[in-house]
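Both counts, for ligands and for their atoms, begin at 1 and track the order of listing.
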Amino acid sequence: MILEAVDLKKYFPVTGALALGRAQTWIRAVDGVSVQVGEGETLGIVGESGSGKTTLAKLFLLLERPTAGSLRFDGKDVATFGRADVRRYRRSVQAVFQDPFSSLDPRMRVEQIVGEPLIPENGVTRAMVRDRVRESLELVGLRRDSASLYPHEFSGGQRQRIAIARALVTTPKFILLDEPVSALDVSIRAQILNLLKRLQDQLGLAYIMISHDLAAARYLATRLAVMYCGKLVETGACEAVYTEPLHPYTEALLSAALPLHPSARRQRIILKGEIPNPTNPPSGCRFHPRCHRVLAECSSVEPAWREVKPGRFAACHLH
Ligand code: SF4
């Protein structure tokens, strides 16, 4: 495995509670998540906004430190990393974010933007940066002379290609894709997803794709992890999860997102209410106030995480 999260937790203190004489309370943004991603594989992490996906992404990018649990890179716990290991991690693990309009500095030329992750490295000359930037631009289907232009001279899809070129410039093993096509016109999304797929095949990259867009996740993901209120509720091979969801939350997300075939027996399920406040999640199964299959024990007993079928895991009393 390239990257592995083991029972990863991130709790944020609720500010002001102690000052008001109340016991310290915590926002349990990520609450015991275990996932793995191997070479050439794409793990899709899906869920509504507020499910903890973004905090999980920050943990992977070392922008937050976990409250508990561990993150392993090439089998080594990130918490034990020295400076050299952290530098190696930052070169090997890159990210592409949702909005190519705000993620590229408008005052910098493409050369600087794409080459920036290489600058702190010892022994890297300007000529080497220039060559590597141009190679990265070619990899994403942009002309080598694009390097001298500014971001505003490109369309939205081209800007996302620049962001991908920047992620590739350090020859990473792993790229975190945080809603990589959500801000783009529908007509451009397929082009960027195709590009990401081609780059993965060509370079053996591993991806984690964080998305609320289940159709986009299906296009790239080999395995899928569904998150709800800081926890995983289901994981499995992508097509198996899409064809036969085990958890009612996955079932509801799929029924809302993907067009139903006229002959499909699947019913459209309306998800009631909002994702709960992670400061005070519901007792038992966190999904029980919104679940269309709720059982008597669901409000008091937390369902165990178990292998329901070979390679298919879920936390639900139905299984
Ligand atoms: Fe629904 Fe109960 Fe399963 Fe939770 S454990 S998803 S409430 S059936």
Side-chain angles (χ1 to χ4, degrees), residues 5-11 25-36 43-56 68-69 208-215 217-218 221 223-260 264-319:
V6 183
D7 201 19
L8 208 56
K9 295 182 180 165
K10 181 65 192 177
Y11 296 174
T25 47
W26 302 88
I27 299 168
R28 296 157 186 249
V30 173
D31 202 4
V33 168
S34 298
V35 289
Q36 305 156 340
L43 173 70
I45 300 182
V46 299
E48 294 165 284
S49 102
S51 59
K53 308 185 303 285
T54 304
T55 305
L56 190 58
I208 284 185
M209 179 175 181
I210 295 204
S211 183
H212 71 277
D213 177 348
L214 277 85
R218 185 179 200 174
R223 280 187 306 116
L224 206 66
V226 184
M227 263 188 101
Y228 185 77
C229 197
K231 285 184 173 280
L232 291 181
V233 296
E234 175 164 3
T235 61
C238 186
E239 271 318 300
V241 174
Y242 275 87
T243 315
E244 188 199 2
L246 297 175
H247 195 281
Y249 179 57
T250 315
E251 208 182 357
L253 283 184
L254 288 175
S255 89
L258 299 178
L260 291 174
R265 281 186 295 151
R266 203 191 287 164
Q267 295 279 313
R268 201 167 290 279
I269 301 154
I270 308 294
L271 262 176
K272 302 169 284 181
E274 301 283 317
I275 213 161
N277 183 344
T279 313
N280 186 19
S283 57
C285 171
R286 294 181 179 192
F287 186 55
H288 85 259
R290 304 172 77 192
C291 182
H292 54 286
R293 295 186 188 275
V294 64
L295 305 169
E297 66 265 40
C298 296
S299 59
S300 55
V301 183
E302 183 167 1
W305 179 252
R306 59 168 65 100
E307 190 167 20
V308 176
K309 297 180 170 195
R312 302 280 314 270
F313 291 80
C316 174
H317 291 306
L318 290 172
H319 305 287

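- Between H319 and E234, every side-chain heavy-atom pair lies at or beyond the 4.5 Å cut-off.
- Note: F313 and W305 have parallel aromatic rings, judged against thresholds of 30 and 60 degrees for the angle between ring planes.
- The 12-atom threshold is exceeded at CD of E239, counting heavy atoms of other residues, nucleotides or ligands nearer than 6.0 Å.
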- Assess whether salt bridge (Lys or Arg N to Asp or Glu O under 4.0 Å) is satisfied between E274 and R290, documenting all intermediate values. CA-CA 8 Å; E274 301 283 317; R290 304 172 77 192; over 6 Å; no

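- No side-chain donor-acceptor contact under 3.5 Å links S211 and D213.
- Nearest heavy atoms, V30 versus Y11: O-CE2, 3.8 Å.
- Around atom 4 (Fe) of ligand 1, the protein atoms of type N, O or S found under 2.8 Å away are C285 SG, listed by chain and number.
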